[in-house]
Amino acid sequence: MEAEKFIWWGPHDLIEACARAGLPPGHPGQVLLAVPNSTGSAVTASSRSVRMVDPRAAVAALAMCSNGSPGISNSLSVWRRIAAAFLTGGTGESLVEELPVAGHTAVGLDGITIWAAGATVAAARRSISRLPPQPAAAYVDTVLRPYQRAGVFWMEHAAAYGLGGILADEMGLGKTVQAIALLAGRSHGLHLVICPTSVLSNWSRELARFAPQVPVIRHTGSDRRAAFDDLPSGSVVLSTYGLLRTDGALARTEWDVVVLDEAQQIKNPTSRAARAAYALETRLPLAMTGTPVENRLEELWSIMAFTNPGLLGNRMRFRQRFIVPIQDREAGAAAQRLHEIVIPHILRRRKTDVAKELPAKIESTVICVMSDEQEMLYRDALTKAFEAGLGVGFERSGRVLALLTRLKQICNHPELVRPTGGSLVGRSGKLDRATEMLTEIIDNDERALVFTQYRATGELLSRHLCRLVTRTAVPFLHGGLSMKVRDQMVARFSDDANGPPILILSLRAAGFGLNLTRATHVLHYDRWWNPAVEQQASDRAHRIGQTRTVNVYALLTERTLEGAIAEMHDSKKDLAETVATGRAFPRDSDLAALSDQQLRALLETRPGTQP
C-alpha cells in the first residue's frame, strides 16, 4: 500500500511538543532516517520514533503558524543545512507495510523536525511561502507516482547537499522518468546522460514524451560535436559508454548533472569507462542501476567512486574493511557497517513495496531431458578436456571458460558444436520443450520473449521457430544490429497487431532499457551465471504498464552444469542483499580455483530429478 505522510520527530515527548506548537500529534511509528552529524560532513542511518500525520491536517497546521514563527521563518537556511537527512524507509501504524520513500525536511516548532514525505510537500509549499520553489517533478508531462516524486526529491536534495547518489529502484519502476523530471527542473547548466547504445533511442523517445521543452542532443556518430559551449542552458546531451571511453569533449565540459544509466557498466574500477566517468566534471553525479552489486562488492565501490568519491575510502582500504570480512569470513558486523554507510546514498524501492498494482510475476524452472546425442557430446567434451589437462593460472581460467561454453552450447543444441545441416528436431530436449511451450503460447494469442547469451543460439532459434509463425519471421535482436533496426524490431513486436508473437533477444544486448510489456511470457533458453542479469531481462516485460501476469521460465538441462548455475544463483542473490540489508553472505566458489577432481564432479552428468 502506497501512502504519503508528514512526519514529526525530534523531542523526547513528541505529543507534548506538538501540543505546545499547535501541531496535530498524528500516530506513532518507527522510521529509518539518514541523519547528518553536527558538522554536516557525514550521514548515518538511524531508527527514530516519530509521529505520522495526515497531510491535510499537517498542511493546515503549518500554514497557520507559518507567519511570525521563529522556527518556520528561518526554515530555508536550516533546510539547506540538513537537506541530506533523507527518509529511506519505515513502518508504523499508519503505514501498513514497508514504505521506502524520500522527502523534504525543515526545522519546525519546539525543536520538532518536520518531514514532508512524497508529494505532500507540494501542498505544503503552496501554504508555506518561505519553503523552496516548486519541485522538479512539476516539469514533466505526466503524473508521477508518489514513490517517483519521492525519488526526484531525493535526487534534488543530493544536489543541494553537494552529494551524488545511486537510484537503484528495482527494474521496471521508472528510473528513467524520475531522472528526466530531475533534468527538466534544472534549467541551468548542461546535463549529460551516458547509456548503453541499445537504450539511446529509448532515452530520446522518453525525453520527447515527458519533457518536450528540453533541448536534446544525440552525441553519437562521426559528425558529433567537438564542444558544447553554444548549447542552450538546460540541454541534455545523450551519449554512450563507448564514446565516454574515447571522446575528450565529454571530459572537457563542466556538467550540471551526469546520469550514468545502467551504471553497472562501470563496475570494474580499472576499466576505461570507469576511469573516464571518474574524470567527468559535474555538480550532481547520478548512477542508475537496478543491480548496484552483481558479482562482487568491489562493484559497489566502483559505482560509488563516481557518485560519492572518497566515501568508501580507497580500494585497498575498502577491501580490508569490508570485502575480506564479508566475503571471506561472513562477518555480520562489517556487513551492517557497510549498510549504514551507503544506505543514505542509495535509494532502492521494490515492486512489492510501491507498485502493488502490478500483476504477478510467476517464475518457474523447466527441467529438460538430454537427448542421446547431447549426452554423448557432453561426456566426450568432459573427457577430452580433463585428459588434455586444464593447466594453471591464466591458462587454466581460459580453458575452464572454453569448456563451460562448450558444455552450455551442447545443452542448447548439438548443432552448435557439431554442425550437420540436418533437422534440428529431436536432437535437443531443451529445443523440443521450448518449441512445445511457444506453440501453446502462440495458440493462446499471447507473446513471448526468448533470451539467450549466444548469438549462434539466437540465430538457430530464429530459423527453427519460423515454422511456428506463418505470417512473419521470428526476429533476433542482438548487439550486431544498428540502432535503427533494433528500434524497428521492438516497434513491430510491441505495437504492430500483425507483428511477430516471439522476439528472440541477446541477454547482454537487450537485457536492459527496453519496455516490452506486450509480452506475457519470458523464456531464458540458457542460464547466465548471475541472476541479476536474468532478472533485468525478465523485467523487460514485468514493469510499469504491464496489466497481465508475466510467466518467467528458466530452461534447465537435467544432470548438467546448468544445475550448478542454478545453485550459484542463490548465493549471488545473497550478495546483492548485503548492501540493502546489512547481512553477510557466503562467498561463491571460483570455478577455475577448484581442483580437477572437484570441477569434474561439479560438471559431470549425474542423477537428478526427472521432468
Side-chain angles (χ1 to χ4, degrees), residues 170-172 351 355 357-368 411-413 428-454 457-458 460-478 486 489-528 531-557 562 566 569 611:
E170 194 173 23
M171 287 76 75
K351 295 172 187 172
E357 76 283 3
L358 264 181
K361 179 172 69 173
I362 301 174
E363 298 179 289
S364 308
T365 298
V366 179
I367 306 297
C368 306
C411 291
N412 284 352
H413 200 284
S428 166
K430 183 185 288 186
L431 182 68
D432 292 347
R433 185 71 185 98
T435 303
E436 294 169 357
M437 295 170 65
L438 291 168
T439 299
E440 183 176 347
I441 289 169
I442 294 172
D443 289 345
N444 290 331
D445 199 25
E446 297 180 282
R447 298 197 178 192
L449 308 176
V450 181
F451 285 96
T452 176
Q453 62 188 284
Y454 300 114
T457 299
L460 180 147
L461 288 170
S462 179
R463 294 193 305 271
H464 172 73
L465 295 175
C466 280
R467 68 189 187 90
L468 303 182
V469 184
T470 57
R471 62 180 181 273
T472 183
V474 175
F476 174 35
L477 194 159
H478 56 81
R486 295 188 206 187
M489 282 186 178
V490 170
R492 284 200 65 221
F493 179 81
S494 299
D495 305 326
D496 189 344
N498 295 317
I502 302 171
L503 178 61
I504 304 167
L505 308 102
S506 163
L507 188 66
R508 297 304 281 181
F512 44 72
L514 298 178
N515 189 334
L516 297 168
T517 52
R518 186 73 179 266
T520 54
H521 299 268
V522 177
L523 274 71
H524 290 285
Y525 190 79
D526 41 52
R527 308 304 306 277
W528 189 259
V533 175
E534 289 188 0
Q535 184 181 353
Q536 277 193 318
S538 300
D539 285 341
R540 298 312 100 216
H542 190 250
R543 58 196 300 112
I544 298 298
Q546 180 60 267
T547 59
R548 296 167 294 173
T549 298
V550 175
N551 289 278
V552 179
Y553 311 98
L555 275 61
L556 189 156
T557 304
E562 292 189 333
H569 274 202

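Between Asn498 and Arg492, the shortest heavy-atom distance links the atoms O-NH2, 4.0 Å. In plain terms, the two heavy atoms of Ser462 and Phe476 that are nearest each other are CB-CB, 4.3 Å. In this structure, Pro500 and Ala473 approach most closely via the heavy-atom pair CB-O, 3.6 Å. Among all heavy-atom pairs drawn from Ala541 and Ala519, the shortest one is CB-O, 3.7 Å.
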CA sep, side-chain torsions, deciding dist, call: Thr452, Leu507, side chain to side chain contact (heavy atoms under 4.5 Å, CB included): CA-CA 5 Å; Thr452 176; Leu507 188 66; over 6 Å; no
Trace of the side chain to side chain contact (heavy atoms under 4.5 Å, CB included) decision for Tyr553 with His524: CA-CA 6 Å; Tyr553 311 98; His524 290 285; over 6 Å; no
Evaluation steps, side chain to side chain contact (heavy atoms under 4.5 Å, CB included), between Leu556 and Arg527: CA-CA 8 Å; Leu556 189 156; Arg527 308 304 306 277; 4.1 Å; yes
Lys430 and Glu562: CA distance, side-chain angles, deciding distance, salt bridge (Lys or Arg N to Asp or Glu O under 4.0 Å) verdict: CA-CA 12 Å; Lys430 183 185 288 186; Glu562 292 189 333; 2.7 Å; yes
Worked verdict on Asp526 versus Thr457 for side chain to side chain contact (heavy atoms under 4.5 Å, CB included): CA-CA 9 Å; Asp526 41 52; Thr457 299; 4.1 Å; yes
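Atom-to-atom distance recorded for His521:NE2 and Ser538:OG is 13.5 Å, nearest 0.5 angstrom. Considering CD of Gln536 and CZ of Phe451, their distance stands at 10.0 Å, rounded to 0.5 Å. For the atom pair CZ of Arg447 and CG of Leu438, the computed distance is 14.0 Å after rounding to the nearest 0.5 Å. For the atom pair Ile504 CD1 and Leu461 CG, the distance stands at 5.0 Å (nearest 0.5 Å). Summarising the geometry, atom OG1 belonging to Thr557 is positioned 7.0 Å from atom CG belonging to Asn412; distances are rounded to the nearest 0.5 Å. Atoms CD1 and CG, from Ile367 and Leu555 in turn, are 9.0 Å apart once rounded to the nearest 0.5 Å.
Leu449 has its side chain within reach of Leu516: a pair of non-hydrogen atoms, C-beta onward, lies under 4.5 Å apart. Taking 4.5 Å as the limit, some side-chain heavy atom of Val450 sits within range of a side-chain heavy atom of Ile502. Residues Leu505 and Leu503 have side chains in contact (heavy-atom distance under 4.5 Å, counting atoms from C-beta outward). Side-chain contact check for Tyr525 versus Gln453: every heavy-atom pair is 4.5 Å or farther apart. A heavy-atom distance below 4.5 Å is not found between the side chains of Ser364 and Val552. Between Asn515 and Arg540 the shortest side-chain heavy-atom distance does not fall below 4.5 Å.
Ion pairing of Arg518 with Glu446 is absent here, as no side-chain N (NZ or NE/NH1/NH2) approaches a carboxylate O to less than 4.0 Å. Remark: Asp539 engages Lys361 in a salt bridge, criterion side-chain N to carboxylate O under 4.0 Å.
Of the possible donor and acceptor atoms, none in the side chain of Gln546 sits under 3.5 Å from a partner among the backbone N and O of Pro359.
Side-chain N/O atoms of Thr435 and His464 include a donor and acceptor closer than 3.5 Å. In this model, no donor atom of one side chain and acceptor atom of the other lie less than 3.5 Å apart for Thr517 and His542.
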